[in-house]
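Chain identifiers are assigned alphabetically (A, B, ...) following the order of the sequence lines, protein sequences preceding nucleic acid strands; residue numbering begins at 1 within each chain. Treat the numbers as computed from the prediction; the structure is a model and nothing was measured.
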Protein chains: 2
Amino acid sequence: MLTTERHQLILALLKEQGTIKLQDLVEQLQASESTIRRDLVQLEEMKALKRVHGGAALLKQKGIEPSLNEKRYANHLEKQQIGRLAASYIDNDDCVYLDAGTTVFEMIPFIKEKNVTVLTNGLMHIPLLMEADIKTFLVGGKLKVATNAIVGSQAVQFLSDYRFDKCFLGMNGIHPDYGLTTPDPDEALLKMRAIQLSNKSYVLADSSKLYETTFAKVAAIEEATIITDVNDEEAVLSLQKHSNVKVVTP
Amino acid sequence: MLTTERHQLILALLKEQGTIKLQDLVEQLQASESTIRRDLVQLEEMKALKRVHGGAALLKQKGIEPSLNEKRYANHLEKQQIGRLAASYIDNDDCVYLDAGTTVFEMIPFIKEKNVTVLTNGLMHIPLLMEADIKTFLVGGKLKVATNAIVGSQAVQFLSDYRFDKCFLGMNGIHPDYGLTTPDPDEALLKMRAIQLSNKSYVLADSSKLYETTFAKVAAIEEATIITDVNDEEAVLSLQKHSNVKVVTP
DNA sequence: AAAAATTCAATCAAAATCATTCAAAATCAT
DNA sequence: ATGATTTTGAATGATTTTGATTGAATTTTT
């Protein structure tokens, strides 16, 4: 195996798992311990990873990919289906805003229309957007480490210079009375502004978020189309009295 | 087989696989090792691929860390020393601009002062900045895939709302007559604006960039302190007549 | 706190790959 | 047909990478 290939594999495995043992690398790459040690030394020099006793770990990259716990989350399939349906609402030549949600992340590989322009505040989306050859703009502002998202007043102001055909937002609470809510006030401001600037707004949320409420109000429930999965038919029917709800099924 | 045919086949195989061994090419093209080596040398000269030990790789592979796309971590040790000296110019509470240069990347781990705020347009810097717990803002604008940098008029405008104690810039050409230059006009505009908005400007460049000129003018040479390594003592002395030059030695 | 186990870096020989050189073969121009 | 030029493949010495070994360092266990 070429050295370059080994390095790429090492980083791919590391991205999956967050940390990895040297012995695991020896087995999976079918190379000697000495070779893997040299590889890790070189990758550390290039600041692509950091060495720990017995192996290697990713640099602190919270949220670069959906958190490892969340990636293993039972709702992953549902999120993919929500993502697929969401992407189907995008047309050729659309300008869309994608916020930093994990379900929004799932929709990116399904975006197949031509000449789509994306503005996003989610750094975790960048590799997929590049992979999909989608023309991408990034919101400017403060980096929020916990979610690898761009937030803050500068971000809101940056956003205000644009308009979108559609926006796609993650949300943590969707309630007929309390509206659309999210835990973080900074992100709530951005989501609110994105809705104001878009012709159509979509909220992507799995059913666990329905009839939940979190800290910061984003908008009234009527202001966005909810894309969710089936959980409780009655609950969805009840929600539909207040909002346009699109449901995916497994 | 005609040389041209072989070249096309080599590139086709490479597009499929991302990397390929020289021995595989010998087998698949039914040509000698010497011939294939010459082919790879020529294709590299044409910048159609890059050679790695034992074979070849695509120049830019989607999803691969930008820092891994260099054949060897070119001038790595020198860049680290330049980076270390550059970081030593940062004081507590400084607001600094870091552009998307590879030598600028090297300085991040050496930033130890307290309460430093960084604004950057280089996405490759994000993991290191997070690792170093540095308060980070990101420029807003268009994503330039080739360098993983934010560029464009929006980026220049975003920058214009800030001021910096210091800025640290990569540069490809440093010449007493033609000034500071870089290949890409979009990036040149950003660098120019950064210099205008900073109390002190530093250019980080290894000696291979001295007395070189590239396409787009950024500023006159007097407008920044050059941080470089020793290459030719006379050349450095001559440069010092025009600009403040700081030299690192191995 | 000490011993045992595990992991680490350094070193070195072997293997693999590299660039250079040169003669032979193939192609081109006259 | 012939001489000139280009391309090819083999040989050789130089360089790089790999894997094994060993003593040192670190972590785990008692």
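Atom CG of Leu25(A) is separated from atom P of dG19(D) by 14 Å (rounded to the nearest Å). In this structure, CG of Leu29(A) is placed 14 Å from C1' of dT18(D), rounded to the nearest angstrom. Protein atom CE of Met1(A) is 18 Å distant from nucleotide atom C1' of dA15(C), rounded to whole Å. Between the CD atom of Gln23(A) and the C1' atom of dG19(D) there is a distance of 14 Å, rounded to whole Å. Between the CD atom of Glu45(A) and the C1' atom of dA9(C) there is a distance of 14 Å, given to the nearest Å. Atom NZ of Lys21(B) and atom P of dA15(C) are 17 Å apart (whole Å). The nearest whole Å value for the distance from the CD1 atom in Ile36(B) to the C1' atom in dT17(C) is 15 Å. At whole-Å resolution of the value, CG in Asp39(B) and P in dT8(D) are 7 Å apart.
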- Message: Counting primed atoms plus P, OP1 and OP2 as sugar-phosphate and everything else as base, spell out the protein contacts along nucleotides 21-30 of chain D at 4.0 Å heavy-atom distance: B, S or - for each nucleotide, 5' to 3'.
- Response: -----SS---
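Looking at every heavy atom in both residues, Asp99(A) comes nearest to Gly170(A) through OD1-N, 3.1 Å.
Pair assignment for dT8(D): dA23(C), on the basis of Watson-Crick or G-U wobble contacts that are both within less than 3.5 Å. Of all nucleotides present, only dA1(D) satisfies the Watson-Crick or G-U wobble test against dT30(C), with each distance under 3.5 Å.
Atom-to-atom distance recorded for Glu44(B):CD and Leu59(B):CG is 8.5 Å, nearest 0.5 angstrom.
When the nucleotides dC18(C), dC8(C), dG9(D) are ranked by their closest atom to the side chain of Arg37(B), dC18(C) comes out on top. Comparing dT17(D), dG19(D), dC8(C) by their nearest atom to the side chain of Thr3(A) picks out dT17(D). Among dC18(C), dG9(D), dC8(C), the nucleotide with an atom closest to any side-chain atom of Leu22(B) is dC18(C).
The aromatic rings of Tyr178(B) and His175(B) are tilted relative to each other, their planes meeting at an angle between 30° and 60°. The aromatic rings of Tyr162(B) and Phe137(B) lie tilted to each other, with the angle between the two planes from 30° to 60°.
The phosphate of dA19(C) (OP1 or OP2) has a side-chain N or O of Arg51(B) nearer than 4.0 angstrom. Proximity of Ser32(B) to the phosphate of dT8(D): no side-chain N or O atom is located under 4.0 Å from OP1 or OP2.
Each of Gly55(B) and Arg38(B) was matched to the nucleotide of DNA chain C holding its nearest heavy atom; the match closer to the 5' end belongs to Gly55(B).
Residues Thr35(B) and Asp39(B) are in side-chain contact: their nearest non-hydrogen atoms beyond the backbone lie under 4.5 Å apart.
Nucleic acid contact for Val26(B): none, since no nucleic acid atom lies under 4.0 Å from a heavy atom of the residue.
A salt bridge is defined here as a Lys NZ or Arg NE, NH1 or NH2 lying under 4.0 Å from an Asp or Glu carboxylate O, and Asp184(A) with Lys144(A) meets this definition.
Partner Tyr202(B) forms a ring-ring contact (aromatic ring centres under 6.0 Å, His included) with one of Tyr97(B), Phe164(B), Phe168(B) and no other, that one being Phe168(B).
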